[in-house]
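Here is how names work: the chains are called A, B, and so on, in the same order as the sequence lines, proteins then strands, and each is numbered from 1. When reading the values below, keep in mind they use all heavy atoms of this one structure, side chains included, and skip hydrogens, waters and symmetry mates.
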Amino acid sequence: MRPSRHFFEEPVDQVARSLIGGLLLVNGTGGRIVETESYDADDPASHSYLMRRTPRNGAMFGPPAHVYVYRSYGIHWCLNFVCSPGSAVLIRALEPVKGIEAMRRRRGTTDDALLCAGPGRLCEALGIDKRLDGASLLRPPFTLTLPDDRRAILIGPRIGLTKAAERHRRFGEKDSRFLSRRFAKET
DNA sequence: CGATAGATCGGCT
DNA sequence: GCCGATCTATCGC
C-alpha cells in the first residue's frame, strides 16, 4: 500500500517504526527499509532543535511526505522523510531489492551487505543528492510502499550522536543482515 | 576484532 | 575556528 500524506502526520516515532519493512525506490532502484531514526524540534541532536530554521534545514519545516536531504561531514548525503513540522525520520539502511547492479556500480562494491548499510551509503547507492531536497515522496522519482507484514522490530539508542545519545529513537528489523550496526544484545 | 585519522561542508560561537 | 544525524583505510592487539 502507498502511504498518504496523513501517514506522515502521525507522531514521528510511530512513523519511524511503521516504515520498517517498507519498500523505497528512487527511479526504480532501492530496497526494503530496515533501519530508521526519529528526530524532532525538542531534540538537541536534531537539525530542527528549537524550531530553528537555516538555509539547510528548510525542508524539515515544509510539508509532510517530502524529503529533507542534507550534506553530512561535508562528504555524504543523508535522506530524511519529513513528518509534522520540525520532525523527520532519517533512513539509515536498506535491504537491497531492485537495481542491485546499478547500486553496486555507484558504490563501487559488490558486497551487498554494505551497499545500503548506513545513511551515507544508501544515498550513494540510490543516487540521492541535494537536487532531491524538498521533493515529494509521493511522486517520481520516489516510490514508497508500506510494509504489508509485521516483522519483529528492535529499538535502541541512536548512532553517532554526542547529544541526546541516550534516547531510544532508533528502529530496526530484527535479524536483518543489512543494518548499519547491530543492536545491543538482548539479555 | 577495536581505535583512530582524514576527507571537507554548513552552521554556530 | 570548531564540531558534527559518516565512511573508509589503516593502524595495533
- Query: Do the side chains of A:F61 and A:L79 join up, straight or via other hydrophobic residues, at under 4.5 Å, putting them in one cluster?
  - Reply: no
- Nearest-neighbour nucleotide for the A:R56 side chain, C:dA5, B:dG11, C:dC7 considered: B:dG11
- Query: Taking the same atom, C1', in B:dG2 and in C:dA5, what whole-Å distance lies between them?
  - Reply: 23 Å
- Query: In whole angstrom, what separates A:K130's NZ from B:dG10's C1'?
  - Reply: 9 Å
- Pairing partner (Watson-Crick or G-U wobble, both distances under 3.5 angstrom) of C:dG1: B:dC12
- Task: Using the six-membered ring for Trp and the full ring for Phe, Tyr or His, decide whether A:Y39 stacks on the six-membered base ring of C:dA5 (centres under 5.5 Å, planes under 30°).
- Result: yes
- Contact class for A:R52 (heavy atom, under 4.0 Å): base, sugar-phosphate, or nothing? sugar-phosphate
- Message: Nearest whole Å is fine: how far is C:dC7 C1' from A:D111 CG?
- Response: 14 Å
- Atom pair distance, as rounded to whole Å: CZ in A:R53 and P in B:dG11: 13 Å
- Between A:T110 and A:R104, do the side chains contain an N or O donor and an N or O acceptor separated by less than 3.5 Å? no
- Would you sort out whether A:S38 and A:D13 count as a side-chain hydrogen bond (donor to acceptor under 3.5 Å, both in side chains), showing the intermediate values? CA-CA 6 Å; A:S38 54; A:D13 296 311; 2.5 Å; yes
- Message: Classify A:L90 by what it touches in the nucleic acid, base, sugar-phosphate, or nothing, heavy-atom distance under 4.0 Å.
- Response: base
- Item | Minimum-distance nucleotide (side-chain atoms of A:P119 versus C:dT6, C:dT8, B:dA7) | C:dT6
- Considering only side-chain heavy atoms of A:C78, which listed nucleotide, B:dC12, C:dT8, C:dT6, is closest? C:dT6
- side-chain N/O A:T162 vs C:dG4 OP1/OP2, d < 4.0 Å: yes
- Taking the same atom, C1', in C:dT8 and in B:dG10, what whole-Å distance lies between them? 22 Å
- Length of the line joining A:Y73:OH and B:dA5:P, which is rounded to integer Å: 14 Å
- Would one find a side-chain N or O of A:R107 under 4.0 angstrom from OP1 or OP2 of C:dT8? yes
- Message: For the P atoms, the ones on C:dC3 and on B:dT4, what distance do you get once it is rounded to whole angstrom?
- Response: 16 Å
- Task: Write down the distance between CZ (A:R121) and P (C:dA5), rounded to a whole number of angstrom.
- Result: 18 Å
- Query: Does a donor on one side chain and an acceptor on the other come within less than 3.5 Å for A:E35 and A:S180?
  - Reply: yes
- Can you tell me the distance, in whole Å, between the CE atom of A:M60 and the P atom of B:dG10? 18 Å
- Task: Report yes or no: do A:V82 and A:L137 belong to one cluster of Ile/Leu/Val/Met/Phe/Trp/Tyr joined by side chain heavy-atom distances under 4.5 Å?
- Result: no
- Item | Integer-rounded Å distance: C:dA5 P and A:Y49 OH | 13 Å
- Query: If Ile, Leu, Val, Met, Phe, Trp and Tyr residues are connected whenever their side-chain heavy atoms lie under 4.5 Å apart, and connections chain through other members, are A:I33 and A:L25 in the same group?
  - Reply: no
- Would you please confirm or rule out a distance under 4.0 Å between OP1 or OP2 of C:dA5 and any side-chain N or O of A:R71? no
- Item | For B:dG6, the Watson-Crick or wobble partner whose two distances fall under 3.5 Å | C:dC7
- Rounded interatomic separation in angstrom, taking CG from A:L161 and C1' from C:dT6: 12 Å
- Between C:dT8, B:dG11, C:dT6, which one does the side chain of A:R92 approach most closely? C:dT6
- Message: Taking 4.0 Å as the cut-off, does a side-chain nitrogen or oxygen of A:T54 come that near to OP1 or OP2 on B:dG11?
- Response: yes
